[in-house]
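So you know, we letter chains A, B, ... as the sequences are listed, proteins then strands, and number each from 1.
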Protein chains: 2
Amino acid sequence: MSVGHTAVTTQPVVTCGGEREDCGIREVLDRIGDKWSVLVVVELAQGVRRFRQLQRAVPGISQRMLTLTVRRLERDGMITRTVHPTIPPQVEYALTPMGHSLTHLVRTLADWSAEHRDAIALARRDWDELNPGSGVR
Amino acid sequence: MSVGHTAVTTQPVVTCGGEREDCGIREVLDRIGDKWSVLVVVELAQGVRRFRQLQRAVPGISQRMLTLTVRRLERDGMITRTVHPTIPPQVEYALTPMGHSLTHLVRTLADWSAEHRDAIALARRDWDELNPGSGVR
DNA sequence: GGCAGTAGGTTCTTCTTGGTAACCACGACC
DNA sequence: GGTCGTGGTTACCAAGAAGAACCTACTGCC
């Protein structure tokens with residue numbers, strides 16, 4: 001911003017570590033940014049769970065969404081799926097080490113949220129008062 | 001809280017800080033989990049930007065999506081929008097302190113992503129080999 | 001006069017996400 | 001014999017997010 005001989009157009013000050021703009025943020029968000037993944041991970045952080053247990057622990061999730069969510073998490077190596085060939089079949093889901101490291105990340109998110117929740121709610125109220133009926137939400 | 005006289009069914013081991021399952025994770029993800037917010041925040045972390053600058057810096061974003069994104073970020077108190085009543089009007093976007101704290105969070109996300117990217121890609125390939133044509137993505 | 005740039009707004013269409021419901025096999029329970 | 005519970009799958013559908021294309025109003029440049 002200050003002195004420049006030939007004008008530095010856009011000097012990267014806080015890049016993401018040498019990568020372009022994106023870094024890998026989009027990848028993470030594509031993975032856990034959906035509606036249910038983090039909730040399932042948080043529940044599995046408490047211990048091994050079966051399908052119905054998960055469904056009951058995550059209120060509002062449908063069978064299909066839970067199926068899709070655990071499949072994706074399994075595919076990404078975040079959880080393991082163990083089938084016991086009993087009748088009726090028992091399927092157990094558990095976090096992998098990588099899935100467990102994800103819980104730390106989730107914790108960071110939660111901490112940030114708790115820290116700024118009030119300020120955000122306040123900012124929203126102020127903004128909504130100044131811009132009534134703008135349709136932004 | 002601890003010792004229960006009538007059997008504690010599921011003892012929370014890694015709760016999110018006393019709140020239910022959710023904590024504030026969903027709030028954060030609802031805020032930054034969309035396709036563009038983090039990218040705009042990352043770009044603004046480099047300094048003050050104008051509308052067109054942002055649009056050029058975030059490849060692929062449409063005018064409308066950029067408008068919506070900056071409006072929402074402004075509403076949540078993450079960025080400020082300063083209009084200079086010149087002709088043509090100049091509008092400058094900048095991070096607030098809270099928006100800046102968000103960049104730290106984003107950094108954490110990026111670090112986690114960089115650390116586990118390879119392992120995830122590997123897990124995916126293995127899974128896709130074992131489950132061909134399952135339709136999961 | 002015509003084009004580019006600036007900061008959007010408006011409308012239309014497409015794509016993705018998530019939800020609902022039905023169905024399966026199998027045994028247990030009543 | 002009907003229903004429940006288990007762990008799914010499949011088909012269908014509604015809502016919202018995103019994209020594309022057009023519009024404004026204003027000025028400076030050639």
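- Contacts with DNA chain D (heavy atom under 4.0 Å) in residues 67-75 of chain A: T67(A), R71(A), listed by number.
- A donor-acceptor pair under 3.5 Å links the side-chain atoms of T67(A) to the main chain of Q63(A), judged by distance alone.
- Straight-line distance from the CD atom of Q90(A) to the C1' atom of dG7(D): 11 Å, rounded to whole Å.
- dT9(D) atom C1' lies 11 Å from atom CZ of F51(A), rounded to whole Å.
- The span of DNA chain C lying next to chain A, judged by atoms under 4.0 Å from heavy atoms, is bounded 5' to 3' by dG18(C) to dG27(C).
- Counting only heavy atoms from C-beta outward, the side chains of T103(B) and R107(B) never approach each other to under 4.5 Å.
- Annotation for P88(A) and T86(A): closest pair O-OG1, 2.9 Å, computed over non-hydrogen atoms.
- Here the closest heavy-atom approach between residue L54(A) and residue E43(A) is recorded as CD2-CG, 3.7 Å.
- Residues satisfying the ring pair (Phe, Tyr, Trp, His ring centres under 6.0 Å) criterion with W112(A), sequence neighbours excluded, are H116(A).
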Would you mind building the protein contact string for nucleotides 19-30 of chain D? One character per nucleotide, 5' to 3', B for base within reach (heavy atoms under 4.0 Å), S for sugar-phosphate only, - for untouched. BB-B---SS---
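- Closest approach of R71(B) to Y93(B), counting heavy atoms only: NH1-OH, 4.1 Å.
- Evaluation of the ring pair (Phe, Tyr, Trp, His ring centres under 6.0 Å) rule for H84(B) yields no partner, not counting sequence neighbours.
- A donor-acceptor contact shorter than 3.5 Å links the side chain of T96(B) to the backbone of G77(B).
- Each of G33(A) and P89(A) was matched to the nucleotide of DNA chain C holding its nearest heavy atom; the match closer to the 5' end belongs to G33(A).
- Distance CZ (R50(A)) to C1' (dG5(D)): 10 Å, rounded to an integer number of Å.
- Checked against side-chain hydrogen bond (donor to acceptor under 3.5 Å, both in side chains), T80(B) has no partners two or more places apart in sequence or in another chain.
- Summarising the geometry of I32(B) relative to V38(B), their closest heavy-atom pair is O-CG1, 3.9 Å, with the distance given to 0.1 Å.
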